[in-house]
Amino acid sequence: MNLKSWKTSAASFVLVLAGVLLFLTAHPGYICKEGLSFLGFFALLPVFAAVYTAPRACILPFGFIYGFLCYAAYALWLYPYDGRYFFSAAGTAGAVLAVVFVFMRQVGKLSPRRGAYAMALVWCVYEYVKSLGFLGFSYGILGYTQWRSPFMLTAASLGGVWLPSAFCAFTSAALCAVLQSFAVRRGGAVALLREHLPPLCMLLAAFLLPLLFSAAERRMPPVPVKKISVSCIQHNPAPGRQGIEAYREDAAGLLSLTEEALAAAPGTQLVIWPETAVVPPLVYYYEHKLDFERYNLIVDMLSRLSRLDACFVIGNHHRVEESGGGTADYNAALVFDRREKALVPPEPHVYKKMRLVPFAEYLPFAGRLAAPDAGLWKRGREAVVFTARGVRFAAPICFEDTFGSVCRRFVAGGAEFLVNLTNDSWAQSPVCQTQHLSMAVFRCAENRVPMVRCAASGATCFIDSRGCVVQEAAPFAACSLSGQVEVPRAPRETLYSLCGDWFAWCETVLLLWLVVCGILRERRFKKLDGV
């Protein structure tokens, strides 16, 4: 490698590091707790420049370095929990982004005049694809940097989080294309204007679309709402504690906070406990009486709750006997309402978590790869919508509120608002909580329904139907959060709630068309050169 190549490689490497810094600063994280959202529009500028200018041999390692550093620093809270998960997640992100960098370089070269825009399209499709399937993971998507922007949340109601993400990526691409043209001094001012005006006008028109939609919404008659009184119980358990004594302490704390909340707000209709707030499977241990200490704990807890006039939504490890023998364990939400049925014996309505955390909650071929007592869950199949106290709601559990497609299923099934049960206490990190919250607000904006988040240690909060956090409990404190949620009587359907991830599908089809056209163009030029 000659001196010029060394200088080019060094400059490109500096650009990669600048891209890492912008990624981490734009997202909620350790540099800025809530993230600097405006930097999301520039986060990919140095990345595109590096991919475009770096020597071919450097693209793969630069992509790995970028992915590893971004996700290692973004999800640093994972390391104290389990170093193996931390290095696996960061290493996987590095390997995937190494491939993405190579693909961006190839697609960019297929479209010399619009290379930066082609790379932005590759990035957008990569973000969508990485959220799909068993290994789907939504953390770090560029659109989530805009979680505090009402304008971008309005855009999400049209195309999901994929539209704000595209705005960020294509703004970076436009800046990169203009700067590259100036750097190589390609033509005069008129030539530069002629080259860049069409894509810039298209980008500006795309930005105007959410503004026009928002203005049109303001002219529409307001949606009638009903007010639902809710209390969320955040008991702030110590992570990792197990055994009957730990379960008793947790139950005592939950019950005490519940009774205090209802005494302070006597008209409360829904009381919500976090994900796996009660660990022993309520129904199973009551019916089978296999462990009398756990049985007595369950009976005492349900007896105290039965004296309170509210509907209870409880996160529980739910065990079911299967027809072929054996049992299946689910991460579940149980709904009890004494106005419908007595709490003892327990016969709750149940939702079983559908989207499980890969490797932590679920493994493919778990029967072959994992021991029977490995603590893995079975996946639920039905998007259950509960009806209680005059309102229809769904209870996505923890990780599920990071996926637009999951929450859209609940809304399509008739849910008027969402109740998210979460337990991020294992991470012991306010950064982890804020990153999770930054994704949850998009589920409200996408479907125009409010959400109540009840977390074991935070972020317990109320989110309105436009994605704005209106009330939040102090993190890492045993407390309750009570208030009224304005629930639309008939939620106004959005383009996203009607059509789902249509925008991401269009990006994917456009990328495939671009690649095919580029390959055909190259072959035609090679034939002409041969002639």
Side-chain angles (χ1 to χ4, degrees), residues 40 44 96 100 103 117-147 149 151-170 173 206-207 209-210 213 353-358 379 381-383 385 394 396-415 418 420 436 438-449 451 463 465-467 491-515:
L44 293 179
V96 170
V100 171
F103 193 49
Y117 301 103
M119 287 190 281
L121 189 60
V122 172
W123 183 272
C124 292
V125 173
Y126 143 72
E127 288 191 328
Y128 174 59
V129 170
K130 88 184 186 94
S131 73
L132 302 176
F134 159 67
L135 291 175
F137 189 69
S138 296
Y139 284 73
I141 287 174
L142 195 57
Y144 289 130
T145 62
Q146 306 303 309
W147 71 290
S149 168
F151 170 67
M152 285 297 162
L153 289 169
T154 298
S157 71
L158 301 175
V161 69
W162 317 116
L163 187 52
S165 206
F167 281 141
C168 292
F170 280 92
F207 270 103
L209 184 62
F213 180 76
K353 187 177 181 182
M354 299 183 296
R355 191 69 181 256
L356 301 173
V357 180
R379 185 165 70 91
R381 300 290 178 180
E382 185 182 356
V385 175
I397 298 173
C398 196
F399 189 60
E400 291 185 311
D401 69 354
T402 68
F403 297 97
S405 58
V406 173
C407 292
R408 177 176 170 265
R409 281 185 65 185
F410 290 122
V411 175
L418 302 174
N420 177 244
H436 195 165
S438 71
M439 293 178 274
V441 299
F442 275 84
R443 308 295 83 86
C444 300
E446 287 166 349
N447 299 287
R448 284 290 190 259
V449 295
M451 177 188 291
I463 307 171
S465 59
R466 293 185 177 274
R492 183 173 286 152
E493 290 182 317
T494 66
L495 184 58
Y496 181 81
S497 62
L498 286 171
C499 302
D501 295 329
W502 68 272
F503 187 78
W505 302 337
C506 290
E507 289 178 318
T508 305
V509 171
L510 180 59
L511 177 61
L512 292 173
W513 177 80
L514 189 67
V515 170

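Hydrogens, waters and symmetry mates play no part in the numbers below; they use all other heavy atoms, side chains included. Numbers for residues simply follow the sequence, beginning at 1.
Note that the OH atom of Tyr126 and the CD1 atom of Ile141 stand 8.5 Å from one another [nearest 0.5 Å]. Here the straight-line distance linking atom CG of Asn420 with atom NE2 of His436 works out to 5.5 Å at 0.5 Å rounding. Atoms CE and CG, on Met119 and Leu121 in that order, are 11.5 Å from each other to the nearest 0.5 Å. Rounded to the nearest 0.5 Å, atoms CE (Met152) and OG (Ser157) are 12.0 Å apart. Atom CD in Glu400 sits 12.0 Å away from atom CZ in Arg443 (nearest 0.5 Å). With values rounded to the nearest 0.5 angstrom, Leu163 atom CG is found 12.0 Å from Asp501 atom CG.
For the residue pair Ser165/Glu127, the side-chain donor-acceptor check at 3.5 Å is satisfied. Defined by atom type and a distance below 3.5 Å, a donor-acceptor pair is present between the side-chain atoms of Ser497 and Thr494.
Considering all non-hydrogen atoms of both residues, Trp162 and Ser131 come closest at CH2-OG, 3.5 Å. Of all heavy-atom pairs between Arg409 and Arg381, the closest is NH2-O, 3.6 Å. Arg448 and Arg466 make their closest contact through NH2-NH1, 3.2 Å (heavy atoms, listed as atom of the first residue, atom of the second, distance). For Cys124 against Glu507, the heavy-atom pair with the smallest separation is CB-OE2, 3.4 Å. Between Leu142 and Cys168, the closest heavy-atom pair is CD2-CB, 3.5 Å. Nearest heavy atoms, Tyr496 versus Gly159: CD1-C, 3.9 Å.
For the pair Val449/Phe410, no side-chain contact is recorded, criterion being any heavy-atom separation below 4.5 Å from C-beta on. Side-chain atoms of Lys353 and Cys398, non-hydrogen and from C-beta on, do get closer than 4.5 Å to each other. Considering only heavy atoms from C-beta on, Leu495 comes within 4.5 Å of Trp502 through its side chain. Side-chain contact between Phe503 and Tyr128 is absent, with no heavy atoms from C-beta onward closer than 4.5 Å. Residues Arg408 and Glu446 are not in side-chain contact: their nearest non-hydrogen atoms beyond the backbone lie 4.5 Å or more apart. Side-chain contact check for Leu44 versus Phe170: every heavy-atom pair is 4.5 Å or farther apart. Looking at Cys444 and Leu418, their side chains never come closer than 4.5 Å, going by heavy atoms from C-beta outward.
Among the candidates Met439, Arg355, Met451, the single residue satisfying the side chain to side chain contact (heavy atoms under 4.5 Å, CB included) test with Asp401 is Met451.
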Exercise. Do Trp147 and Phe442 pass the ring pair (Phe, Tyr, Trp, His ring centres under 6.0 Å) test, and can you show the C-alpha distance, the side-chain angles, and the key distance before you say yes or no?
Worked result: CA-CA 7 Å; Trp147 71 290; Phe442 275 84; 9.0 Å; no
Problem set entry | CA sep, side-chain torsions, deciding dist, call: Phe399, Val406, side-chain contact (heavy atoms from CB on, under 4.5 Å) | CA-CA 10 Å; Phe399 189 60; Val406 173; over 6 Å; no
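Between Tyr139 and Phe137, the ring-plane angle classifies as parallel under the 30° and 60° cut-offs. Using cut-offs of 30° and 60° for the angle between ring planes, the Phe151 and Phe167 rings count as parallel.
With Ser138 contributing its side chain and Thr402 its backbone, the two residues share a donor-acceptor pair below 3.5 Å.
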